[in-house]
Asker: 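Have a look at the structure that comes next, please.
Chain naming here is simple, since letters A, B, ... match the order of the sequence lines and numbering starts at 1 in each.
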Protein chains: 2
Amino acid sequence: MAVTIREVAKRAGVSIATVSRVLNGSKPVSDRLKQRILEAVEETGYRPNAVARSMIQKKTGLIGVIVPEIANPYFSGLVEGIEAVANEWSYYLMLAISEKNAQRELELLRIYQSRQMDGILWAAAQMDPACRAEVEKMNIPCVVIGQRLEEVCIPSAVIDNRRASYETVKHLIQLGHQRIGMIHGPLWDVQSGKERFEGYRQALLEHGLPLRDEWTAEGLRFDVQDGVKGMESIWNQPERPTALFCACDRMAVGAMTYLKERGVSIPEELSVAGFDDEELASLVTPRLTTVRHSPYQMGYESARILTDILRRKRKSTSLTLTLDYQVVIRDSTATCKELSQHWNK
Amino acid sequence: MAVTIREVAKRAGVSIATVSRVLNGSKPVSDRLKQRILEAVEETGYRPNAVARSMIQKKTGLIGVIVPEIANPYFSGLVEGIEAVANEWSYYLMLAISEKNAQRELELLRIYQSRQMDGILWAAAQMDPACRAEVEKMNIPCVVIGQRLEEVCIPSAVIDNRRASYETVKHLIQLGHQRIGMIHGPLWDVQSGKERFEGYRQALLEHGLPLRDEWTAEGLRFDVQDGVKGMESIWNQPERPTALFCACDRMAVGAMTYLKERGVSIPEELSVAGFDDEELASLVTPRLTTVRHSPYQMGYESARILTDILRRKRKSTSLTLTLDYQVVIRDSTATCKELSQHWNK
DNA sequence: TTGAAAGCGCTAACAA
DNA sequence: TTGTTAGCGCTTTCAA
């Protein structure tokens, strides 16, 4: 049996209320008793039961975090940013992984309600109707990360994936590329899948360039292997693109790996651009042109919004915080060879 | 105010005990009442208060996890492995980051006791005496990850870092290298710092090779920058090593980056080996020789030990689980040039 | 099969 | 300044 406040009180010869007051500094207690109580605490190794306290105070000091996965620098960076804010305001985190499974996400939202989280941070890959309904009717403040939710009264933090993709593809176009392919993610993934693809699509359309199925490939897991496979299918087309945009750096690196193994030189024969600017991007050869954004900052800002709400510094109403990004041009993209040959004529 | 069991009971016209019995299936309840209660639950959107339940049952179903950092593939892999086990046995996780700060680790151990964790998983970078004392006297089962604790009665999971380093350096020696340097981590980091350095040291000594200060460098953060700086100081020595062992892949990649920028070819002019085999290792050029081990498995196995203890399938006594590793030879290490020249004479 | 009532360990209102 | 006591929301005896 763990030591309780009763035992400490008995040992110090005071009432449990006095012990509580000393430990919480909630009311003045004479130095003499304080001394005795502190000694009794020390002797018994008493640790106040935070569960009992939560029960009375109707708050747990806990923030529930839901991420699709964690062994991915994007989400681990996110969690790190969240942890920084939690630490700052003395909140503690519960962490669960949804595996991008809507059923599981719903279950987790319910479990976090049951467990009386003070707030919830939810990095949602998609936005399932049942989950959305749950979040809307739930009476725990929740910030959704990576999903715009303007129609409902839930704050969220995102980056403008579509615009970032658009700009990256535009960079390729400005280098003279006319045949631009893409390895994209699953389109049900609203943020990194759909929006990034749409930005690509829009850039091509607006510049009157062809959007050809043979030059696009879908990867389901945003990993290196997706990039290898995607590149293989694209590279085996009779007519090849001169530039490739990938929905994430890992896909881009996979594509580069495929090409390197075949002695295709980058960017001479194919320009490649990625997205995310993870550490990897500047370590591969050639260094990857990509979109830099900060998952840490995303986590930090989302958690700030949540703690602001919890501290009643802010209302829990609709709000979409759009964070910055930056297209970082490195060595994997270059002027289109065909174009320069054209000039040389 | 959130809905309580009282409200559900009133609505269904039964006692709160009956509601509890239906929701927990703890005792038989007539179908008629069961029906009414389930409806009332549905109508009110009642979510049982898990905090109140924990209070009575004296268990929370929570596992407290402490890691030094999370935006690092080693620890995020670890957490993923832990999560898999937690999920399997319906435990939930609390996650906190210690930033390798012993003071903070102690605080976290106490907070987790206060918060009534059923068990604790602690990835300790060092082993501070105060923390060790806390863990020993604590009456919550704890598994320490990455620290051998045979003297105390605490289970732990580790890999044999010293032996893995030894073997990697031996691989370099077998390639004919006689002048072998190392970029190591801080020596207070028992696992990745001290043990890996000792393995290197032992290999040199046993083979009668020189251990020279000018060929070793210490990095404090196990990052790419540590590798760049370390390589710089080593490469600027009048006499240079022909091979380099690094305490982690990032350091190795940093060293390679430094050399590449100076047009030094790897492995011709310098063989480089790393440790960890993170994804990065097989994506850089040349692909890195390194030590493969699995943080996921480490997390999984540690969590298994803990859940076994919690399910009373295992006693909470001393036990050190040593996981496997494997030296993966790739393209960044090759026969010592000086040796082959020697042969060619 | 059901209900009444006694706590779990603590905080906070009320009394002294 | 200190102690007494009433719960927080639930599970689990015990009795009916």
Side-chain angles (χ1 to χ4, degrees), chain A residues 1-38 40-41 44-62 110-118 139-140, chain B residues 1-38 40-41 44-62 110-118 139-140:
Chain A
M1 252 323 283
V3 184
T4 70
I5 198 171
R6 296 214 120 68
E7 200 168 324
V8 176
K10 192 157 62 177
R11 208 172 179 111
V14 299
S15 74
I16 59 168
T18 308
V19 177
S20 170
R21 291 195 267 255
V22 169
L23 263 30
N24 298 301
S26 49
K27 288 225 171 161
V29 171
S30 69
D31 283 349
R32 193 175 50 89
L33 291 192
K34 198 180 284 181
Q35 187 67 31
R36 287 224 305 264
I37 289 168
L38 259 17
V41 166
T44 54
Y46 170 65
R47 305 259 176 264
N49 184 327
V51 172
R53 175 184 296 179
S54 300
M55 181 117 196
I56 300 165
Q57 299 188 148
K58 297 192 178 309
K59 53 183 184 182
T60 53
L62 255 28
R110 292 191 171 153
I111 283 168
Y112 280 169
Q113 289 173 72
S114 213
R115 287 189 176 272
Q116 313 298 118
M117 297 296 105
D118 287 351
N139 49 16
I140 297 176
Chain B
M1 250 324 282
V3 184
T4 71
I5 198 171
R6 294 215 120 67
E7 200 168 324
V8 176
K10 192 158 61 179
R11 210 174 176 106
V14 299
S15 74
I16 60 168
T18 308
V19 176
S20 170
R21 291 196 266 255
V22 169
L23 263 30
N24 299 301
S26 49
K27 287 222 170 166
V29 171
S30 69
D31 284 350
R32 195 175 49 90
L33 291 191
K34 198 180 285 179
Q35 187 68 32
R36 288 224 306 263
I37 290 168
L38 260 17
V41 166
T44 53
Y46 170 64
R47 304 257 177 266
N49 183 327
V51 172
R53 175 184 295 179
S54 301
M55 183 122 192
I56 300 165
Q57 299 187 147
K58 298 196 178 308
K59 53 183 182 185
T60 52
L62 256 29
R110 293 190 171 156
I111 282 167
Y112 280 169
Q113 289 174 71
S114 213
R115 288 188 177 271
Q116 315 297 120
M117 297 295 105
D118 288 351
N139 48 14
I140 298 176

Asker: So do A:Asn49 and B:Gln116 actually touch side chain to side chain, heavy atoms under 4.5 Å?
Answerer: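 They are in side-chain contact.
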Asker: Quick one, B:Arg115 and B:Leu62 - any side-chain contact, counting heavy atoms below 4.5 Å?
Answerer: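 A side-chain contact is absent here, since even the closest heavy-atom pair is not under 4.5 Å.
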Asker: In whole angstroms, how far is the P atom of D:dT11 from the NZ atom of B:Lys59?
Answerer: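 Atom NZ in B:Lys59 sits about 13 Å away from atom P in D:dT11.
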Asker: Could you say whether A:Asp31 or B:Pro48 is positioned toward the 5' end of DNA chain D, judged by the nucleotide with the nearest heavy atom to each?
Answerer: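 Counting from the 5' end, the first nearest nucleotide belongs to A:Asp31.
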Asker: B:Val19 versus B:Arg6: any side-chain heavy-atom pair under 4.5 Å?
Answerer: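 In short, these two side chains do not touch, never coming nearer than 4.5 Å.
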Asker: Using five base pairs at each end, measure the axis-to-axis angle across the helix from C:dT1-D:dA16 to C:dA16-D:dT1 and round it to 10 degrees.
Answerer: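 Terminal axis comparison yields 40°.
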Asker: With a 4.5 Å heavy-atom cut-off, do B:Tyr46 and B:Leu23 have their side chains touching?
Answerer: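 Result yes, sub-4.5 Å side-chain heavy-atom pair found.
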Asker: What integer distance in Å separates B:Lys10:NZ from C:dG3:C1'?
Answerer: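 Between C1' of C:dG3 and NZ of B:Lys10: 17 Å.
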Asker: Counting just side-chain N and O atoms, does A:Lys58 come under 4.0 Å of either OP1 or OP2 of D:dG9?
Answerer: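 Checking A:Lys58 against D:dG9: at least one side-chain N or O falls below 4.0 Å of OP1 or OP2.
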Asker: If you only use heavy atoms from C-beta on, which nucleotide in C:dC10, D:dC10, D:dT2 is closest to the side chain of B:Thr4?
Answerer: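 Nearest nucleotide to the side chain: D:dC10.
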Asker: Indicate whether OP1 or OP2 belonging to C:dC10 is found under 4.0 Å from a side-chain N or O atom of A:Arg53.
Answerer: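 Answer is no, no contact under 4.0 Å.
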Asker: Can you confirm whether B:Ser20 sits close enough to B:Ile5 that some side-chain heavy atom of one is under 4.5 Å from a side-chain heavy atom of the other?
Answerer: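 A side-chain contact under 4.5 Å exists here.
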Asker: In whole angstrom, give the distance that lies between atom CZ of B:Arg115 and atom C1' of C:dG9.
Answerer: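 Computing the B:Arg115:CZ to C:dG9:C1' distance gives 15 Å.
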Asker: Separation of B:Leu23 atom CG from D:dC10 atom P, in whole Å?
Answerer: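 Answer to the nearest Å: 9 Å.
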Asker: Residues two or more places apart in sequence or in another chain: which of them pass salt bridge (Lys or Arg N to Asp or Glu O under 4.0 Å) with B:Arg110?
Answerer: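 If we apply the salt bridge (Lys or Arg N to Asp or Glu O under 4.0 Å) test to B:Arg110, skipping adjacent residues, the hits are B:Glu134.
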Asker: Pairs under 3.5 angstrom, nitrogen or oxygen only, protein versus nucleotides 3-7 of chain D, please.
Answerer:
{"from": "D:dG3", "atom 1": "OP2", "to": "A:Ser15", "atom 2": "N", "distance (Å)": "3.0"}
{"from": "D:dG3", "atom 1": "OP2", "to": "A:Ser15", "atom 2": "OG", "distance (Å)": "3.2"}
{"from": "D:dG3", "atom 1": "OP2", "to": "A:Thr18", "atom 2": "OG1", "distance (Å)": "2.6"}
{"from": "D:dG3", "atom 1": "N7", "to": "A:Arg21", "atom 2": "NH2", "distance (Å)": "2.5"}
{"from": "D:dG3", "atom 1": "O6", "to": "A:Arg21", "atom 2": "NH1", "distance (Å)": "3.1"}

Asker: Side chains of B:Val51 and B:Ser54, heavy atoms from C-beta outward: is any pair under 4.5 Å?
Answerer: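 The answer is no, as the side chains (C-beta and beyond) never meet within the 4.5 Å cut-off.
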Asker: Closest approach to the side chain of A:Ser30, judged atom by atom: which nucleotide of D:dT1, D:dG9, D:dT11 is it?
Answerer: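 Side chain of A:Ser30 sits closest to D:dT1.
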Asker: Would you check if the side chain of B:Asp118 reaches a backbone N or O of B:Lys59 as a donor-acceptor pair within less than 3.5 Å?
Answerer: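 Not a single qualifying donor-acceptor pair exists.
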Asker: Let me know the distance between CD1 of B:Ile5 and P of C:dA4, rounded to the nearest Å.
Answerer: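 Checked: the CD1 to P distance equals 14 Å.
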Asker: Does the side chain of B:Arg36 come within less than 4.5 Å of B:Val14's, by heavy atoms?
Answerer: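 Yes, at least one pair of side-chain atoms sits under 4.5 Å.
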Asker: Whole Å only: how far is the CD1 atom of B:Ile37 from the C1' atom of C:dG3?
Answerer: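 Atom CD1 in B:Ile37 sits about 12 Å away from atom C1' in C:dG3.
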Asker: Let me know the distance between CG of B:Asn24 and P of D:dT11, rounded to the nearest Å.
Answerer: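 Value for this atom pair: 5 Å.
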Asker: Between C:dT11 and A:Ser20, is there an OP1 or OP2 to side-chain N/O distance shorter than 4.0 Å?
Answerer: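 Yes, because at least one side-chain N or O of A:Ser20 sits under 4.0 Å from OP1 or OP2 of C:dT11.
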Asker: B:Met55 CE to D:dC8 P: how many Å, rounded?
Answerer: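 Value for this atom pair: 13 Å.
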